[in-house]
**Student:** 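My questions will all concern the structure given below.
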Amino acid sequence: MDRIVIRGGKPLHGTIPIGGAKNAALPLMAAALLTDETLSLSNLPHLADISSMANLLVELGVDLGMNGHAPNGGHAGRTFDLGCPNIKSTTAPYDLVRKMRASVLVLGPLVARHGVARVSLPGGCAIGTRPVDLHLTALEQMGAEIELTQGYIEARAPQGLKGGKIMFPVVTVGGTENILMAATLAEGETVLGNAAREPEVIDLAECLVAMGAKIDGIGTDTLRIQGVDSLHGAHHTVVPDRIETGSYAIAAAITGGNLLLEGTRLDLIGSLADTLRKAGVEITEESGGLRVARMNGLHGVDMMTEPYPGFPTDMQAQAMALMATAEGASMITETIFENRFMHVPELCRMGADINVHGASAIVRGVGQLSGAPVMATDLRASMSLVLAGLAAGGETEINRVYHLDRGYERLEDKLSACGALIERVKGA
Ligand code: UD1
């Protein structure tokens with residue numbers, strides 16, 4: 001298995017291009033199932049999760065054309081043409097869903113367009129149990145019959161889905177996306193209350209509107225969707241990745257460097273930017289992107305993960321690595337996933353002083369971390385170890401690199417172009 005080896009302690013200087021958002025791209029690709037015309041998506045990142053979704057869609061009957069490269073702030077993201085004149089299979093098999101939970105996003109579009117879907121239950125994952133019960137209850141409220149058999153969700157709506165009032169008891173990003181897609185082709189009006197407002201949900205809603213969907217309240221917690229008979233093709237450019245943006249902002253901060261994050265926007269990282277500024281990081285908007293720099297010391301600040309526009313759970317691990325090197329203490333509270341502190345023991349192996357009490361971690365800054373061999377169990381935890389390694393004295397070796405390949409495009413290239421001593425060592 002491949003490893004990443006970092007010799008830390010070098011401030012990063014230069015430009016890092018930010019790609020399209022993985023978490024926007026996945027539901028956007030699933031939206032191709034809603035129409036028999038071509039959906040063209042540009043600024044798609046080169047990531048393992050995008051390939052997994054592409055494989056699943058091809059299995060369901062999508063013709064996938066890779067259409068060269070589209071310009072994106074000086075670097076190129078991919079363009080896919082996704083056409084689905086006929087749905088050939090309505091089964092999302094275990095082997096594909098197991099690799100990537102977001103495969104469940106094909107459920108809503110399949111039932112809405114074809115009246116039937118069979119999708120493997122995603123099961124648990126490293127950061128918590130992560131059920132899909134809210135997706136299923138909402139589909140039932142829209143008239144689908146749902147059965148769970150032999151590890152599969154079987155959904156049927158032979159007469160089509162019907163609009164209704166759905167109030168999510170907790171904010172769910174994937175649930176909002178799945179039901180939003182389903183509602184575009186349902187009969188009558190669907191109202192989604194307590195809907196997720198993440199930029200990725202907004203991006204999906206805007207693409208659906210370009211495809212002919214009727215959606216009001218985009219960007220608010222109440223989405224009103226008037227069902228239409230059919231959707232048509234469209235072209236859409238994927239929003240910049242706010243988690244990649246935030247991760248490289250922390251790379252600048254933790255190394256005391258100065259980076260231009262190209263092709264991204266401040267409004268996508270509002271609450272993270274507020275937190276970083278309080279900790280002593282400078283963030284300014286420039287034409288072409290965001291400049292992030294740190295000249296002076298860092299100090300500990302508290303943070304609590306919340307649905308957007310709150311502090312993102314997908315930035316918690318990376319922010320913890322930063323706080324581990326700050327002066328003073330920081331309390332980091334995780335409210336979205338119950339088991340998302342798997343990076344703590346690994347950061348402690350690098351010299352961090354972190355104690356977990358229930359859903360909160362007390363991080364006492366130690367100034368300097370020291371390199372060590374480490375391994376992580378999920379994508380963002382792996383990135384927190386990369387960031388810690390960039391700041392640490394000596395050598396850090398990160399195992400299970402496949403997690404990083406799911407969500408960070410050309411990680412070593414982007415960092416080494418800014419002076420990081422980082423390389424991938426091919427395993428047997
Ligand atoms: C998405 C993101 C993920 C991010 C998360 C929260 C994608 C592909 N993934 O995941 O990176 O960390 O949002 O911002 O976009 N829940 C239920 N029942 C459900 C659905 C969710 O109890 O049916 C709970 C979850 O266990 C969790 C909370 O709701 O505690 C939020 O989960 P959700 O927003 O649905 O996360 P995902 O869409 O899976």
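Read the numbers this way: they start at 1 and go in the same order the structure lists the ligands and their atoms.
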**Student:** Using a strict cut-off of 4.0 Å, indicate which atoms of ligand 1 neighbour a heavy atom of Ile336.
**Tutor:**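 Near Ile336, meaning under 4.0 Å from one of its heavy atoms, ligand 1 has 27 (C), 30 (O), 31 (C).
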**Student:** If you measure from each non-hydrogen atom of Ile243 to ligand 1, which part falls under 4.0 Å: side chain, backbone, both or neither?
**Tutor:**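 Looking at Ile243 and ligand 1, no heavy atom falls under 4.0 Å.
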**Student:** Counting from 1, what ligand 1 atoms have a heavy atom of His135 closer than 4.0 Å?
**Tutor:**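 That gives atoms 23 (O) of ligand 1.
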**Student:** For the pair Arg424 and Glu412, find out whether any cationic side-chain nitrogen is under 4.0 Å from an anionic carboxylate oxygen.
**Tutor:**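 Judged by the 4.0 Å cut-off on N to carboxylate O distance, Arg424 and Glu412 do form a salt bridge.
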**Student:** Measuring from the heavy atoms of Glu200, does anything fall under 4.0 Å of ligand 1?
**Tutor:**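 Contact check Glu200 vs ligand 1: negative.
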**Student:** Hey, which atoms in ligand 1 end up nearer than 4.0 Å to a heavy atom of Arg101?
**Tutor:**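 Going through ligand 1 atom by atom, the ones under 4.0 Å from Arg101 are 39 (O).
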**Student:** Taking the basic N atoms (NZ, or NE/NH1/NH2) and the acidic carboxylate oxygens, is any pair closer than 4.0 Å for Arg406 and Asp49?
**Tutor:**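 Between Asp49 and Arg406 there is a salt bridge, with a charged N closer than 4.0 Å to a carboxylate O.
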**Student:** Using a 4.0 Å cutoff against the non-hydrogen atoms of Thr313, which atoms of ligand 1 qualify?
**Tutor:**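 Answer, ordered by atom number: 6 (C), 12 (O), 14 (O).
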**Student:** Just wondering, do Leu411 and Ile4 contact through their side chains at under 4.5 Å, heavy atoms?
**Tutor:**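 Yes, their side chains come closer than 4.5 Å.
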**Student:** Just so I know, are the side chains of Met315 and Met303 near enough to count as touching, which here means a heavy-atom distance under 4.5 Å?
**Tutor:**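 No, their side chains stay 4.5 Å or more apart.
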**Student:** Could you work out, for atom 21 (C) of ligand 1, the closest of Pro131, Gly175, Ser103, Gly174 by heavy-atom distance?
**Tutor:**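 Residue with the shortest heavy-atom distance to the ligand atom: Pro131.
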**Student:** Atom 5 (C) of ligand 1: which of Tyr308, Phe168, Phe337 has the nearest heavy atom?
**Tutor:**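 Shortest heavy-atom distance from atom 5 (C) of ligand 1: Phe337.
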**Student:** What atoms of ligand 1 come within less than 4.0 Å of a heavy atom belonging to Arg340?
**Tutor:**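 Here the atoms of ligand 1 in question are 12 (O).
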**Student:** With a 6.0 Å cut-off (strictly less than), is the heavy-atom count around CZ of Arg349, excluding the residue itself, greater than 12?
**Tutor:**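 Yes, because the 6.0 Å sphere around CZ of Arg349 holds more than 12 heavy atoms from other groups.
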**Student:** Inspect the contact between Lys22 and Asp314 and indicate whether a charged nitrogen and a carboxylate oxygen are less than 4.0 angstrom apart.
**Tutor:**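 Lys22 and Asp314: not salt-bridged.
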**Student:** What do you reckon, does Asp314 have a nitrogen or oxygen under 3.5 Å from a nitrogen or oxygen of ligand 1?
**Tutor:**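 Yes.
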**Student:** Looking at Tyr152, I'd like to know if its OH atom is crowded, meaning that more than 12 non-hydrogen atoms belonging to other residues, nucleotides or ligands lie closer than 6.0 Å.
**Tutor:**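 Yes, because the 6.0 Å sphere around OH of Tyr152 holds more than 12 heavy atoms from other groups.
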**Student:** Measure Glu334 to ligand 1 on non-hydrogen atoms and call it side chain, backbone, both or neither using the 4.0 Å cut-off.
**Tutor:**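 For Glu334, there is no contact with ligand 1 at all, from either part.
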**Student:** Would you kindly specify which portion of Thr172 sits under 4.0 Å from ligand 1, judged on non-hydrogen atoms: side chain, backbone, both or neither?
**Tutor:**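 The answer is both, backbone and side chain.
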**Student:** Counting only nitrogen or oxygen atoms and a 3.5 angstrom limit, does Ala102 reach ligand 1?
**Tutor:**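 No, there is no polar N/O contact under 3.5 Å.
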**Student:** I'd like to check whether Asn23 has a polar contact with ligand 1, where a contact means an N/O of the residue lying under 3.5 Å from an N/O of the ligand.
**Tutor:**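 Yes.
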**Student:** Does Lys22 approach ligand 1 within less than 4.0 angstrom via side chain, backbone, both or neither, non-hydrogen atoms only?
**Tutor:**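 It is neither part, as no heavy atom is under 4.0 Å.
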**Student:** Hey, is Lys414 close enough to Glu409 for a salt bridge, meaning N to O under 4.0 Å?
**Tutor:**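 A salt bridge is present here (some side-chain N lies under 4.0 Å from a carboxylate O).
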**Student:** Can you establish whether the number of heavy atoms outside Arg98 located under 6.0 Å from its atom CZ is more than 12?
**Tutor:**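 Check passes, neighbour count above 12.
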**Student:** Just distances here: any N/O of Asp133 and N/O of ligand 1 closer than 3.5 Å?
**Tutor:**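 Such a contact does occur with ligand 1.
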**Student:** Any ion pair linking Glu200 and Arg242 (charged N to carboxylate O, less than 4.0 Å)?
**Tutor:**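 Looking at Arg242 and Glu200, the cut-off is met.
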**Student:** Check ligand 1 against Val171 and write out every atom of the ligand that is under 4.0 Å from a heavy-atom position of the residue.
**Tutor:**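 The list of qualifying atoms is 31 (C), 34 (O).
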**Student:** Has ligand 1 got any nitrogen or oxygen that is less than 3.5 angstrom from a nitrogen or oxygen of Val173?
**Tutor:**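 Yes, Val173 has an N/O under 3.5 Å of an N/O on ligand 1.
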**Student:** Report yes if some heavy atom in the side chain of Leu64 is under 4.5 Å from a heavy atom in the side chain of Leu57; otherwise report no.
**Tutor:**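 No, their side chains stay 4.5 Å or more apart.
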